[in-house]
Undergrad: 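Sharing a structure with you now.
As the structure lists them, so they are numbered: ligands from 1, and atoms in each ligand from 1. Position 1 is the first residue of the sequence; numbering continues from there.
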Amino acid sequence: MRTQVCIIGGGPSGLLLSQLLHLKGIDTVVLERQSREYVLARIRAGVLEQGFARLLHEAGCGERMDREGQVHEAFFISDQGRLHRVDLNRHSGGNSVVVYGQTEVTRDLYAARDRLNGIVIHEAEDVQPHDLTGDHPFVTYRQGGEEGRVDCDFVVGADGFHGVSRKSIPKDVLREYEKVYPFGWLGVLSRTPPVSHELIYARHDRGFALCSLRSPVLSRYYIQVPLTDRVEDWSDDAFWEELKRRLPGEVAARLVTGPSIEKSIAPLRSYVAEPMRHGRLFLAGDAAHIVPPTGARGLNTAGSDVHYLYHGLVAHYLQADSSGLQQYSERALARVWKAQRFSWFLTTLLHTFPQSPEYDRKLQEVELAYLWSSEAAQRSLAENYVGLPY
Ligand code: RFL
Ligand code: PHB
């Protein structure tokens with residue numbers, strides 16, 4: 001098979017880029033290791049910044065998000081049982097975020113690819129990029145026992161944190177920066193009305209908790225757990241009890257509980273790979289960087305990568321201008337690191353650190369006290385949460 005851009009990974013980054021390029025007449029093939037059903041069963045992000053929403057519109061995929069997504073103009077931080085509202089709208093010059101699940105985003109992107117007869121090859125095993133520093137790169141794979149090969153101009157690694165693309169950058173070229181947190185998030189999805197219309201990020205001595213949602217009848221909750229905990233250790237009842245303990249009394253009192261539809265533990269980790277380009281390979285999204293979910297930056301930062309790469313590829317093909325591709329890594333990383341900084345800040349501010357001395361706890365307290373006393377601090381929080389410009 002021959003295409004212009006071979007995209008490894010059919011998650012949100014890969015699908016969005018493929019769809020945007022298709023609309024500009026640029027040909028892509030997407031190779032995805034899992035089945036479509038598997039990809040669509042993953043429960044992940046819930047909060048989209050306006051920049052991401054704009055990209056979805058540009059890709060012709062914004063209609064259902066406009067109808068079913070909920071615009072949020074604020075969120076709460078609960079500090080040891082006391083609720084404070086962070087007014088995003090007021091502090092970011094009228095900006096807001098959209099609550100619309102990544103699962104739905106991915107479903108809409110698949111539907112759009114289908115409408116345009118886009119090529120997405122599922123259950124592609126042993127995907128391997130070749131000759132990335134030459135003029136004729138190609139990608140090999142196996143599907144149902146058959147060998148496949150895609151010849152292309154460029155390869156995009158959008159295959160997530162555990163993908164193969166980043167590994168094909170030589171060790172002496174790749175620089176890796178990593179921070180592993182000593183806890184994870186246990187997440188529960190339940191068909192219950194959300195306890196709050198606006199998200200609640202809760203700091204508590206027993207550990208962090210988050211009340212989020214997907215729709216007026218679908219709730220998503222998380223609690224901080226030790227890395228040694230397994231999902232099997234947590235019955236639904238134990239989860240609800242622990243969540244209630246970490247929330248303000250009035251919130252806990254109105255929490256509607258029910259059976260979990262999904263329950264999983266995600267470890268918290270920060271990671272950046274540099275550079276994001278090697279020869280004719282470009283990394284995008286979780287393949288190049290991940291953040292702890294506290295700041296809701298992961299998918300949104302994948303979106304800014306896709307934006308820079310999309311415009312770089314369009315300028316290359318339609319205007320014979322390769323400067324956007326040359327500058328891709330530098331531009332994307334500048335924004336990536338700001339998202340890293342913000343995610344680290346919010347994670348450090350709101351979690352209980354098992355080995356942390358009292359000094360750190362005092363710093364959390366004073367940081368929050370400062371936040372509630374300072375318009376400038378709230379503006380900074382809001383500006384980062386709604387997404388920095390790109
Ligand atoms: P993905 O979604 O991991 O997709 C990569 C795809 O590549 C496939 N793949 C391969 N394909 C071919 N060959 C291989 N060798 C392959 N290896 C892997 C995989 O099967 C998969 O389909 O990466 P992508 O597209 O870059 O998207 C990134 C986002 O998924 C991620 O950043 C967010 O989910 C992070 N995140 C959040 N981000 C936000 O912006 N807002 C949020 O509110 C938010 N909440 C979250 C989150 C992530 C979470 N978890 C589970 C870590 C909440 C949680 C709990
Ligand atoms: C979610 O709804 O899954 C969610 C929301 C906000 C976050 C992280 C996850 O910061």
Undergrad: Does His316 have any ring pair (Phe, Tyr, Trp, His ring centres under 6.0 Å) partners at least two apart in sequence or in another chain, and if so, which?
TA: Phe154
Undergrad: So if I count the atoms of ligand 2 from 1 in the order they appear, which ones are less than 4.0 Å from some heavy atom of Tyr201?
TA: 6 (C), 7 (C), 10 (O)
Undergrad: Considering only heavy atoms from C-beta outward, does the side chain of Phe345 approach that of Glu367 to under 4.5 Å?
TA: yes
Undergrad: What atoms in ligand 2 come closer than 4.0 Å to a heavy atom of Val47?
TA: 5 (C), 6 (C)
Undergrad: What do you reckon, does Tyr222 have a nitrogen or oxygen under 3.5 Å from a nitrogen or oxygen of ligand 1?
TA: no
Undergrad: Quick one: which ligand 1 atoms are inside 4.0 Å of a heavy atom on Gly160?
TA: 3 (O), 5 (C), 23 (O)
Undergrad: Among all protein heavy atoms, pick the one closest to atom 42 (C) of ligand 1 and tell me residue, atom and distance.
TA: Ala45 CB, 3.2 Å
Undergrad: Check Arg214 against ligand 2 and report side chain, backbone, both or neither, counting heavy atoms closer than 4.0 Å.
TA: side chain
Undergrad: Does an N or O from Val127, backbone or side chain, lie closer than 3.5 Å to an N or O of ligand 1?
TA: no
Undergrad: Report the part of Val99 (side chain from C-beta onward, or backbone N, CA, C, O) that has a heavy atom under 4.0 Å from ligand 2; answer both or neither where that applies.
TA: neither
Undergrad: Any idea which atoms of ligand 2 are less than 4.0 Å away from a heavy-atom of Arg44?
TA: 3 (O)
Undergrad: Examine Tyr222 against ligand 2 and note whether any of their N/O atoms are separated by less than 3.5 Å.
TA: yes
Undergrad: Could an N or O of ligand 1 be found under 3.5 Å from any N or O of Ala287, whether backbone or side chain?
TA: no
Undergrad: Measure the distances from the heavy atoms of Ile43 to every atom of ligand 2 and state whether one is below 4.0 angstrom.
TA: no
Undergrad: Using distance alone, decide if ligand 1 has a nitrogen or oxygen within less than 3.5 Å of any nitrogen or oxygen in Ala296.
TA: yes
Undergrad: Give a yes or no on whether Val99 and Leu189 share a hydrophobic cluster (residues Ile, Leu, Val, Met, Phe, Trp, Tyr; joining criterion: side-chain heavy atoms under 4.5 Å apart).
TA: no
Undergrad: Taking only heavy atoms of Leu31, which atoms of ligand 1 are found under 4.0 Å from at least one of them?
TA: 11 (N), 12 (C)
Undergrad: List every atom of ligand 2 that sits less than 4.0 Å from any heavy atom of Leu199, numbering the atoms from 1 in the order shown and giving each element.
TA: 5 (C), 6 (C)
Undergrad: Can you sort out which atoms of ligand 1 are near Gly46, meaning under 4.0 Å from one of its heavy atoms?
TA: 42 (C), 43 (O)
Undergrad: For Ile8, which part has a heavy atom under 4.0 Å from ligand 1: side chain, backbone, both, or neither?
TA: side chain
Undergrad: Kindly identify the option in Ala124, Pro129, Gly9, Ala158 whose heavy atom sits closest to atom 5 (C) of ligand 1.
TA: Ala158
Undergrad: With only distance considered, is Ser13 within less than 3.5 Å of ligand 1 through an N or O on each side?
TA: yes
Undergrad: With sequence neighbours excluded, what pairs up with Asp79 under the salt bridge (Lys or Arg N to Asp or Glu O under 4.0 Å) test?
TA: Arg203
Undergrad: Using a strict cut-off of 4.0 Å, indicate which atoms of ligand 2 neighbour a heavy atom of Ala296.
TA: 7 (C), 10 (O)
Undergrad: Does NZ or CZ of Arg297 lie under 6.0 Å from the centre of the six-membered ring of Phe342, at an angle within 45° of the ring axis?
TA: no
Undergrad: At a 4.0 Å threshold, what atoms of ligand 1 neighbour a non-hydrogen atom of Pro293?
TA: 47 (C), 53 (C)
Undergrad: Looking at atom 31 (C) of ligand 1, what's its closest protein heavy atom, distance included?
TA: Asp286 OD2, 3.3 Å
Undergrad: Is Glu58 salt-bridged to Lys24, going by a charged N under 4.0 Å from an acidic O?
TA: no
Undergrad: Would you call Arg67-Glu63 a salt bridge at under 4.0 Å N-O?
TA: yes
Undergrad: Report, in ascending order of atom number, the atoms of ligand 2 lying under 4.0 Å from any heavy atom of Thr294.
TA: 10 (O)
Undergrad: Please determine whether any non-hydrogen atom of Arg42 lies less than 4.0 Å from an atom of ligand 1.
TA: yes
Undergrad: For atom 20 (O) of ligand 1, find the nearest protein heavy atom and state the residue, atom name and distance (0.1 Å precision).
TA: Glu32 OE2, 2.6 Å
Undergrad: Is the closest side-chain heavy-atom distance between Leu116 and Gln19 below 4.5 Å?
TA: yes
Undergrad: Do Gln364 and Leu350 make a side-chain contact, defined as non-hydrogen atoms from C-beta onward lying under 4.5 Å apart?
TA: no
Undergrad: Could you check if a side-chain atom of Ser78 sits within less than 4.5 angstrom of a side-chain atom of Leu247, using non-hydrogen atoms only?
TA: no
Undergrad: Counting heavy atoms not belonging to Arg54, are there more than 12 under 6.0 Å from its CZ?
TA: no
Undergrad: Nearest protein heavy atom to atom 52 (C) of ligand 1, by residue and atom, and its distance?
TA: Ala266 CB, 4.1 Å
Undergrad: Scan the protein's non-hydrogen atoms and note whether one is under 4.0 Å from atom 44 (C) of ligand 1.
TA: yes
Undergrad: Any N or O of Arg44 that comes nearer than 3.5 Å to an N or O of ligand 1?
TA: yes
Undergrad: Given side chains that start at C-beta, do those of Ile169 and Leu283 come closer than 4.5 Å, heavy atoms only?
TA: yes
Undergrad: Can you tell me if Pro12 contacts ligand 1 (heavy atom of the residue under 4.0 Å from the ligand)?
TA: yes
Undergrad: Do Ser168 and Pro129 have side-chain heavy atoms sitting under 4.5 Å apart?
TA: yes
Undergrad: So, does Gly187 sit close enough to ligand 1 that a heavy atom of it is under 4.0 Å from the ligand?
TA: no
Undergrad: Does Glu178 CD have over 12 foreign heavy atoms under 6.0 Å away?
TA: yes
Undergrad: Less than 4.5 Å apart, side chain to side chain, heavy atoms only: is that true for Leu346 and Leu381?
TA: yes
Undergrad: Would you indicate which of Gln102, Arg33, His289, Lys167 comes nearest to atom 34 (O) of ligand 1 when only heavy atoms are counted?
TA: Gln102
Undergrad: Check this for me, if you would: do Glu242 and Arg246 make a salt bridge, where the nitrogen-to-carboxylate-oxygen distance has to be below 4.0 angstrom?
TA: yes
Undergrad: For atom 4 (O) of ligand 1, what is the closest protein heavy atom, and at what distance to 0.1 Å?
TA: Gly11 CA, 3.6 Å
Undergrad: Please report which non-hydrogen protein atom sits nearest to atom 18 (C) of ligand 1, along with the residue it belongs to and the distance in Å to one decimal place.
TA: Asp159 O, 3.1 Å
Undergrad: Which atoms of ligand 1 sit under 4.0 Å from any heavy atom of Gln34?
TA: 20 (O)
Undergrad: Give yes or no for whether the N/O distance cutoff of 3.5 Å, strictly under, is met between Leu299 and ligand 1.
TA: yes
Undergrad: Hey, are Glu68 and Arg64 close enough for a salt bridge, meaning a charged N less than 4.0 Å from a carboxylate O?
TA: yes
Undergrad: May I ask you to list the atoms of ligand 2 that are less than 4.0 angstrom from any heavy atom of Pro293?
TA: 7 (C), 8 (C), 10 (O)
Undergrad: Under 30°, 30 to 60°, or over 60°: which ring-plane class applies to Tyr201 and Phe208, parallel, tilted or perpendicular?
TA: tilted
Undergrad: So, Arg175 side chain and Glu274 main chain: donor-acceptor pair closer than 3.5 Å or not?
TA: no
Undergrad: Examine Lys179 relative to Tyr181 and say whether NZ or CZ is less than 6.0 Å from the centre of the six-membered ring and inside a 45° cone about the ring axis.
TA: yes
